[in-house]
Undergrad: 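This is the structure I have questions about; it appears just below.
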Amino acid sequence: MRAQRLAKLDDLLNAGIKPYGHRVDDVCAAAEALAMFERSEEGAEGELRTRIAGRLMAVREMGKSIFADVRDQSGRLQVYAKKNVLGEDAFGLFKKLDIGDIISAEGSLFRTRMGEVTMKIETFDLLTKSLRPLPEKWHGLTDVEQRHRQRYLDLISNREVQELFQTRAAVVREIRNFLDERGFIEVETPMLQAIPGGAAARPFETYYAALDSAMYLRIAPELYLKRLLVGGFEKVYEINRNFRNEGLSRRHNPEFTMIEIYEAYSDCRGMMELVESLITTVAGRVLGTLEIQFEDETVINLQRPWRRVAYHDLVEERMGEDWFQVEDEERRKRGEKHGLHIPQGSSTAEATNEVFEKLIERTLIQPTFVTRLPAELVPLAKRCEDNPELVDVFELEIGGQEIAPGYSELNDPLEQRRRFEDQVQRVHGTAEEVSGRIDEDFLTAMEHGMPPAGGMGMGIDRLLMLLTGSPSIRDVILFPQMRPRQTPLDSNQK
RNA sequence: GCGCCCGUAGCUCAGUUGGCAGAGCAGCUGACUCUUAAUCAGCGGGUCGUAGGUUCGAGCCCUACCGGGCGUACCA
């Protein structure tokens with residue numbers, strides 16, 4: 001089929017027609033052309049001239065006249081090519097066009113007998129010859145692998161995909177608006193880091209030739225954003241990519257977009273207020289509703305205020321009032337009874353975390369702030385004033401998954417050092433060894449004095465999954481990570 | 001990494017118990033000057049993911065590998 005199209009390309013060149021055109025001025029969007037016609041009302045027939053440009057999506061040929069659908073980003077407009085209007089040569093050329101070609105067309109608008117607003121073409125140009133066929137017009141492209149590897153075909157074929165990514169852009173734009181309106185400034189911090197900090201994850205390693213040294217793609221921007229608090233910026237945020245060298249899943253892509261927000265003189269509660277307000281405002285502005293369909297039967301209601309509940313209370317509710325008092329062995333047994341595997345020698349916090357992640361998290365469908373987590377789980381957070389075993393943090397859960405963690409930031413440099421050292425000891429000898437290295441420059445910054453602050457992070461991709469009802473993170477990332485192919489995509493095309 | 005499922009024409013899909021690889025769309029030729037999943041007549045198009053094996057005979061059964069989906073593991 002490609003060979004046929006290449007032959008057509010030759011024919012065009014021989015006929016002196018350039019198959020790859022240039023700039024087109026005064027292009028009217030298809031949707032705008034339709035609206036213009038509706039506004040002008042009937043009687044104006046034939047008087048409304050305009051020019052459109054787009055891709056040929058369907059052709060209905062009927063002898064000496066042809067109807068075709070032209071699509072641009074705004075929508076679709078039917079065009080009508082008539083032999084006795086275009087003349088022999090131009091009509092002949094139009095007949096040669098393929099579905100998938102990109103053209104511009106100029107003519108007047110009218111309404112067909114079937115009632116569709118249509119452009120009667122007076123002149124047209126081939127702007128881009130397409131050498132490969134489009135996916136099927138009715139069923140579109142459904143093969144998941146191909147939709148991801150050749151997202152452009154998915155975008156052409158499946159209109160709602162384009163809309164989803166418009167929504168994604170709108171969400172990010174509204175997040176920026178919301179924060180900018182409140183005096184936050186957006187910053188950019190290093191993606192290439194000598195010591196990847198701010199989270200516990202295996203990093204991607206790379207090499208910087210000019211410095212002859214190993215570098216890592218960042219796993220979080222946290223330690224740099226805090227340096228900015230030291231520097232005197234009081235309200236900062238960054239929206240950018242993080243990279244984690246871990247498995248792929250429905251909820252995980254190795255590069256994902258994260259927003260982190262820091263506000264000096266605030267705390268955990270301040271951040272809960274902020275994120276509650278942020279998400280409801282953005283959802284309201286972009287979706288126009290705070291009720292979100294979730295997995296067909298359930299509706300998530302984002303109406304404020306959101307539930308706040310202590311981590312310990314949730315665990316006791318599920319595993320018994322005395323969960324934190326009993327012997328390790330008893331905890332292990334209770335876990336097994338619920339189908340959990342808790343290895344011998346697990347600490348109370350580890351066993352409890354297993355319970356939370358496996359049994360409780362997925363039940364938190366409506367927005368819920370889970371607060372007061374065990375200190376060893378969050379080394380960068382401040383301890384609760386009334387209980388040094390716990391840290392003053394929240395994990396926002398919506399739709400059964402973690403959307404955003406936040407906390408009162410630890411700003412005591414000496415304790416920060418101890419907490420880092422504890423962490424390094426815990427992960428010593430594992431794959432994350434490297435991420436356990438201590439960022440001394442960060443501790444130096446802290447010793448200069450970081451104001452008390454609240455901070456939070458939120459996975460943008462997961463927020464989009466929630467807001468768009470997408471079951472997989474790959475649905476909300478234009479080009480999700482795929483295993484490289486050994487054979488090119490078109491190896492079987494002749 | 002492990003488990004289950006999937007891979008047939010450019011796309012969407014059939015393919016019986018192991019017995020000549022099919023349809024629709026797209027493409028090509030022809031007819032048709034208001035069609036819209038246009039219609040009508042005809043034609044071309046295949047490394048059945050790859051490589052082995054079993055068999056007189058494999059799209060179908062077996063093994064390995066490649067790619068994908070879901071689950072699981074890793075992921076403060």
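Source: prediction; values computed, not measured. Reminder, nothing fancy here: chain letters follow the sequence lines and each chain counts from 1.
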Undergrad: Under a 3.5 Å limit for both distances, which nucleotide forms a Watson-Crick or G-U wobble pair with B/rC43, could you say?
TA: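 Looking at the geometry, B/rC43 pairs with B/rG27.
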Undergrad: Rounding to an integer number of angstrom, what distance separates B/rA26 and B/rU12 when you compare their P atoms?
TA: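 After rounding to an integer number of Å, I get 15 Å for this pair.
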Undergrad: With a non-hydrogen cut-off below 4.0 angstrom, is A/Lys120 in contact with a base, only sugar-phosphate, or nothing?
TA: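 Result for A/Lys120 = nothing.
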Undergrad: Could you tell me the separation between the CZ atom of A/Arg362 and the P atom of B/rU72, rounded to a whole number of Å?
TA: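 Result: 6 Å.
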Undergrad: For A/Asp439 versus A/Ile195, what's the shortest heavy-atom pair and its separation?
TA: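 Heavy atoms only, the tightest pair is CA-CD1, 4.0 Å.
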Undergrad: State whether the side chain of A/Gln150 and the backbone N or O of A/Tyr152 hold a donor-acceptor pair below 3.5 Å, judged by distance alone.
TA: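 No; judged by distance alone, with no hydrogens or angles, the pair does not exist.
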Undergrad: Under a 4.0 Å heavy-atom cut-off, which of residues 57-74 of chain A touch RNA chain B?
TA: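 Under 4.0 Å from RNA chain B: A/Arg60, A/Glu61, A/Met62, A/Gly63, A/Lys64, A/Ser65, A/Phe67.
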Undergrad: Using the P atom as the point on both nucleotides, what is the distance between B/rU35 and B/rC28, in whole Å?
TA: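 Looking at atom P only, B/rC28 and B/rU35 are 23 Å apart.
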Undergrad: Over how many whole Å does the gap from A/Lys95 atom NZ to B/rG27 atom P extend?
TA: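 Checked: the NZ to P distance equals 14 Å.
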Undergrad: Is any side-chain nitrogen or oxygen of A/Arg419 closer than 4.0 Å to OP1 or OP2 of B/rA76?
TA: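 False: A/Arg419 side-chain N/O out of range (4.0 Å or more) of B/rA76 OP1/OP2.
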Undergrad: Could you work out the separation of B/rA9 and B/rU54 based on their C1' atoms and round it to a whole Å?
TA: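 Here B/rA9 and B/rU54 have their C1' atoms 29 Å from each other.
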Undergrad: Salt-bridge test for A/Glu88 and A/Lys64: reply yes if a basic N is under 4.0 Å from a carboxylate O, no otherwise.
TA: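 A/Lys64 and A/Glu88: not salt-bridged.
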Undergrad: For A/Lys8, answer base if it contacts any base atom (sugar-phosphate contacts may also be present), sugar-phosphate if it contacts only those atoms, and nothing otherwise; contact means non-hydrogen atoms under 4.0 Å.
TA: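 Sugar-phosphate, backbone atoms only, no base.
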Undergrad: State, to 0.1 Å, how close A/Glu361 and A/Gln401 come at their nearest heavy-atom pair, and which atoms those are.
TA: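 Smallest interatomic distance, heavy atoms only, reads OE2-C, 4.4 Å.
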Undergrad: Need the pair for B/rG3. Rule: Watson-Crick or G-U wobble, both distances under 3.5 Å, any strand; none if unpaired.
TA: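 Paired with B/rG3, as far as the under-3.5 Å criterion goes, is B/rC70.
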Undergrad: Would you mind classifying the nucleic acid contact of A/Val144 as base, sugar-phosphate or nothing, using non-hydrogen atoms under 4.0 angstrom?
TA: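 Sugar-phosphate contact only.
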Undergrad: Taking the inter-plane angle between the rings of A/Phe110 and A/Tyr80 on a 0 to 90° scale, is it parallel (under 30°), tilted (30 to 60°) or perpendicular (over 60°)?
TA: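 Tilted: the ring planes of A/Phe110 and A/Tyr80 meet at 30° to 60°.
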Undergrad: Considering only the P atoms, how many Å lie between B/rC5 and B/rU39, rounded to the nearest integer?
TA: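 Comparing P positions in B/rC5 and B/rU39 gives a spacing of 40 Å.
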Undergrad: Mind checking if A/Leu86 touches a base, just sugar-phosphate, or nothing, with heavy atoms under 4.0 Å?
TA: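 Here A/Leu86 touches no strand at all.
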Undergrad: With the side chain counted from C-beta on, respond yes when A/Arg71 and A/Arg159 share a heavy-atom pair under 4.5 Å apart, and no when they do not.
TA: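 A side-chain contact under 4.5 Å exists here.
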Undergrad: Within the 4.0 Å heavy-atom criterion, would you say A/Asn84 contacts the bases, only the backbone, or no part of the nucleic acid?
TA: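 Base, at least one base heavy atom under 4.0 Å.
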Undergrad: Any idea which of B/rC34, B/rA37, B/rA76 is nearest the A/Lys137 side chain?
TA: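 The answer is B/rA37.
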Undergrad: Can a side chain N or O of A/Arg250 be found less than 4.0 Å away from OP1 or OP2 on B/rG71?
TA: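 For B/rG71, OP1 or OP2 has a side-chain N or O of A/Arg250 closer than 4.0 Å.
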Undergrad: Please give, in whole Å, the distance from B/rC70 P to A/Glu295 CD?
TA: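 These atoms are roughly 13 Å apart.
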Undergrad: For A/Arg147, which contact category applies under a 4.0 Å heavy-atom criterion: base, sugar-phosphate, or nothing?
TA: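 Answer is nothing: A/Arg147 stays at 4.0 Å or more from every strand.
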Undergrad: What distance separates A/Phe67 CZ from A/Met62 CE, expressed to the nearest 0.5 Å?
TA: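 It is 7.0 Å, given to the nearest 0.5 Å.
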Undergrad: In terms of side-chain heavy atoms of A/Glu136, which of B/rG67, B/rC74, B/rU12 is nearest?
TA: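 The closest nucleotide is B/rU12.
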Undergrad: Given that both distances must come in under 3.5 Å, which nucleotide forms a Watson-Crick or G-U wobble pair with B/rG22?
TA: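 B/rG22 is paired with B/rC13.
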Undergrad: Which nucleotide in the list B/rG68, B/rC75, B/rU36 gets nearest to the side chain of A/Arg76?
TA: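 For A/Arg76, the side-chain atoms sit closest to B/rU36.
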Undergrad: Confirm from the modelled atom types if A/Thr142 and B/rU12 form a donor-acceptor pair under 3.5 Å, side chain to base only.
TA: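 Looking at the base of B/rU12, it does not pair with any donor or acceptor on the side chain of A/Thr142 (distance under 3.5 Å).
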Undergrad: Provide, to the nearest angstrom, the distance between the CZ atom belonging to A/Arg149 and the P atom belonging to B/rG69.
TA: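 Those two atoms, CZ and P, are 9 Å apart.
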Undergrad: Report the distance from atom CG of A/Leu217 to atom C1' of B/rC75, rounded to the nearest whole Å.
TA: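 Nearest whole value for this atom pair: 17 Å.
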Undergrad: Is there a side-chain contact (heavy atoms from CB on, under 4.5 Å) between A/Arg2 and A/Arg5? Walk through the geometry before answering.
TA: CA-CA 5 Å; A/Arg2 184 161 171 269; A/Arg5 296 258 177 126; 5.6 Å; no
Undergrad: Could you say whether A/Glu357 or A/Leu141 is positioned toward the 5' end of RNA chain B, judged by the nucleotide with the nearest heavy atom to each?
TA: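 Going by which nucleotide is closer to the 5' end, it is A/Leu141.
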Undergrad: With C1' as the reference atom in both, quote the distance from B/rU63 to B/rA23 in angstrom, rounded to an integer.
TA: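 Looking at atom C1' only, B/rU63 and B/rA23 are 33 Å apart.
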Undergrad: Identify whether any heavy atom of A/Arg113 sits under 4.0 Å from a base atom; if not, whether one sits that close to sugar-phosphate; answer base, sugar-phosphate or nothing.
TA: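 Since a base atom lies under 4.0 Å of A/Arg113, the category is base.
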Undergrad: Take the angle between the ring planes of A/Tyr311 and A/Phe356 and call it parallel below 30°, perpendicular above 60°, tilted in between.
TA: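 Tilted.
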Undergrad: Output the rounded distance in Å from CD (A/Gln78) to C1' (B/rU33).
TA: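 About 14 Å, once rounded to whole Å.
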Undergrad: Want to settle it: does A/Met114 or A/Gly247 sit nearer the 5' end of RNA chain B, counting the closest nucleotide to each?
TA: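 By nearest-heavy-atom nucleotide position, the 5'-most residue is A/Met114.
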Undergrad: On a whole-Å scale, what distance lies between the C1' atoms belonging to B/rU17 and B/rG3?
TA: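 These two C1' atoms come out 30 Å apart once rounded.
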Undergrad: For B/rC65 and A/Arg483 - does any side-chain N or O of the residue sit under 4.0 Å from the phosphate oxygens OP1/OP2?
TA: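 No, no such contact exists.
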Undergrad: With C1' as the reference atom in both, quote the distance from B/rG69 to B/rC61 in angstrom, rounded to an integer.
TA: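 Pairwise C1' distance, B/rG69 against B/rC61, rounds to 25 Å.
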Undergrad: Could you check which nucleotide pairs with B/rG52 in any of the strands shown, counting Watson-Crick or G-U wobble with both distances under 3.5 Å?
TA: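 B/rG52 is paired with B/rC62.
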Undergrad: State which of B/rC70, B/rC28, B/rG68 makes the closest approach to the side chain of A/Asp98.
TA: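 The closest nucleotide is B/rC28.
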Undergrad: Given the C1' atoms of B/rG22 and B/rG15, what is the spacing between them in whole Å?
TA: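 Per the computed distance, 7 Å lies between those C1' atoms.
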Undergrad: Could you give the CE-to-P distance, from A/Met1 to B/rG46, as a whole number of Å?
TA: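 My rounded result for the distance is 11 Å.
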Undergrad: Could you let me know what B/rA37 is paired to, Watson-Crick or G-U wobble, both distances under 3.5 Å, or none if it's on its own?
TA: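 Checking every strand shown, B/rA37 finds no partner, since no pair has both distances under 3.5 Å.
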Undergrad: Roughly, in whole Å, what's the span from CZ in A/Arg2 to P in B/rG45?
TA: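 For the pair A/Arg2 CZ and B/rG45 P, the rounded distance is 20 Å.
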Undergrad: Can you find a side-chain donor-acceptor pair between A/Ser130 and A/Arg55 that sits under 3.5 Å?
TA: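 Per modelled atom types, A/Ser130 and A/Arg55 side chains form no pair under 3.5 Å.
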